[in-house]
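Worksheet for the structure shown next.
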Protein chains: 2
Amino acid sequence: MTAKAPDQSPRRGPGRPRHETPSAEFLERRESIIDTALEVFKQRGYDSGSLDDVAAVLGLRKASLYYYVRSKAELLYFVFDRAINRALERLETLTSADESPRQRLEALIRHQVMVVSDDPSLFTVFFDQRPHHDGEYEAEIQKKERRYLRLYAQGVTDDAEAGVLTNIDPRYAAQLVLGMTNWTYKWFDPSRDDAEALADAAVQLVLGSSDVDGD
Amino acid sequence: MTAKAPDQSPRRGPGRPRHETPSAEFLERRESIIDTALEVFKQRGYDSGSLDDVAAVLGLRKASLYYYVRSKAELLYFVFDRAINRALERLETLTSADESPRQRLEALIRHQVMVVSDDPSLFTVFFDQRPHHDGEYEAEIQKKERRYLRLYAQGVTDDAEAGVLTNIDPRYAAQLVLGMTNWTYKWFDPSRDDAEALADAAVQLVLGSSDVDGD
DNA sequence: CCTACCGATCGGTAGG
DNA sequence: CCTACCGATCGGTAGG
């Protein structure tokens, strides 16, 4: 439905290689472009942050970026994909830890608060620039995002079975918990707010119900 | 600090009149422009939604808008200010209702979930286009937003005193509760999700601790 | 409220 | 990886 350039290349995931085997230098160079793009988008947003800006930081001309990236939208996709992959890895090690359901859910909440409050403007890019993805890239992102959500839903479900949280739709509960923590990027000011205290409050708010010996 | 046009007019709040007394027709016309701008920004975002778009919907030329509005940024401010005022009114009647602390906090949560899930794309404008405000307008918005936050903080505090929520920083708790509910605009799909069920889940998640007779 | 238009920005391409 | 450039968009202004 959405207008899409009818390119002659056959079938291919978003952002696959231009060369059959990208050289190491090529990949390194592209990584640094992705780094820079993230910084530019953090500071100026996706719309206002231009490819000229990105190129300038790297001492290049805009046209040169097109050797590494096929479009601005693809560059945004690279920024996203890399970050999501890293976040998923961290989250998976976290949920596979050998702990009680309650401890695991608490860890999930704490983790998300700490990560977001550590660099709120980073999440301005991830949470607010989503609509700018081309439909092609968007699907890819959604898949990984759903995995992220499922990890939270599982955390909630385990906890519910252990009797800490009562009968709530796990998907709704997961979205609510994620919302509670993610929203942090909208208001958290590292120079004024205390991430630890906030994490405590978040855990308290959701799990405070059961057995808390508040000190 | 931020670059600002050095205009010769003396002191004046953002968005004040051009005429000493704007005529009724003038105000009406401007309201319809604000209506339209909201629709355009909802559909295309602030950056991509052009003044040409807004004018076209109204059967006008872009230049004509400048009779009613001094800049695109001011138009965004008008959109915000009107919505915030309405939201504040609703919230204030809600919190002044004669109910127990627990009922009041529950009402706050329910209200926010219902409002946001009713029209998620509306909140895409309010929550994600904030950075586009001129510094001059931003201050005005912040003031009202803080009032909004305070109403939530009060709700949490009252509840804490009644013993439902334990010792949590009221401001953090308020932000967390607001985040939990506001985040809805990022994922809620009216054709798939159930706002009532979500509201239940949200109330449950925060207040489920005390006396719930889950049916 | 309109016609006409400016100045600037920007993504992307040609062609090397 | 660069120079040069196109085509389009856009906010805003002049002047009526």
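Just so you know, these numbers come straight off a predicted model, no measurement behind them. Chain identifiers are assigned alphabetically (A, B, ...) following the order of the sequence lines, protein sequences preceding nucleic acid strands; residue numbering begins at 1 within each chain.
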Kindly indicate whether a cation-pi arrangement holds for B:Lys186 with B:Phe127, taking the cut-offs as under 6.0 Å to the six-membered ring centre and within 45° of the axis. no
Annotated structure of DNA chain C as dot-bracket, pair cut-off 3.5 Å, Watson-Crick or G-U only, | for inter-strand, is ||||||||||||||||
Separation between CG (A:Leu91) and CG (A:Leu151), nearest 0.5 Å, reads 5.0 Å
Parallel, tilted or perpendicular, judged at 30° and 60°: which one describes the rings of A:Tyr148 and A:Tyr152? parallel
Would you compute the distance between atom CG of B:Asn182 and atom CG of A:Asn182 and round it to the nearest 0.5 angstrom? 12.5 Å
Residue pair B:Ser50 / B:Asp53, side-chain donor-acceptor N/O under 3.5 Å: yes
Outermost DNA chain D nucleotides near chain A [under 4.0 Å, heavy atoms]: D:dC1 to D:dT3
Residue B:Gln142 excluded, over 12 heavy atoms near CD under 6.0 Å: yes
Compute the centroid of each ring, for A:Phe123 and then for A:Tyr185, and state whether the two points are separated by less than 6.0 Å. no
Hey, does the side chain of B:Asp193 reach the backbone of B:Asp189 with a donor-acceptor pair shorter than 3.5 angstrom? yes
Indicate the ring-plane relationship of A:Phe80 and A:His133, choosing parallel, tilted or perpendicular according to the 30° and 60° boundaries. perpendicular
So if I take residues 38-51 of chain A and measure heavy-atom distances to DNA chain D, which residues fall below 4.0 Å? none
Angle between ring planes, B:Tyr137 versus B:Tyr77, binned at 30° and 60°: parallel, tilted or perpendicular? parallel
Quick check: on DNA chain C, is the nucleotide nearest B:Arg61 upstream (toward 5') of the one nearest A:Asp53, or the reverse? Name the residue that is more 5'. B:Arg61
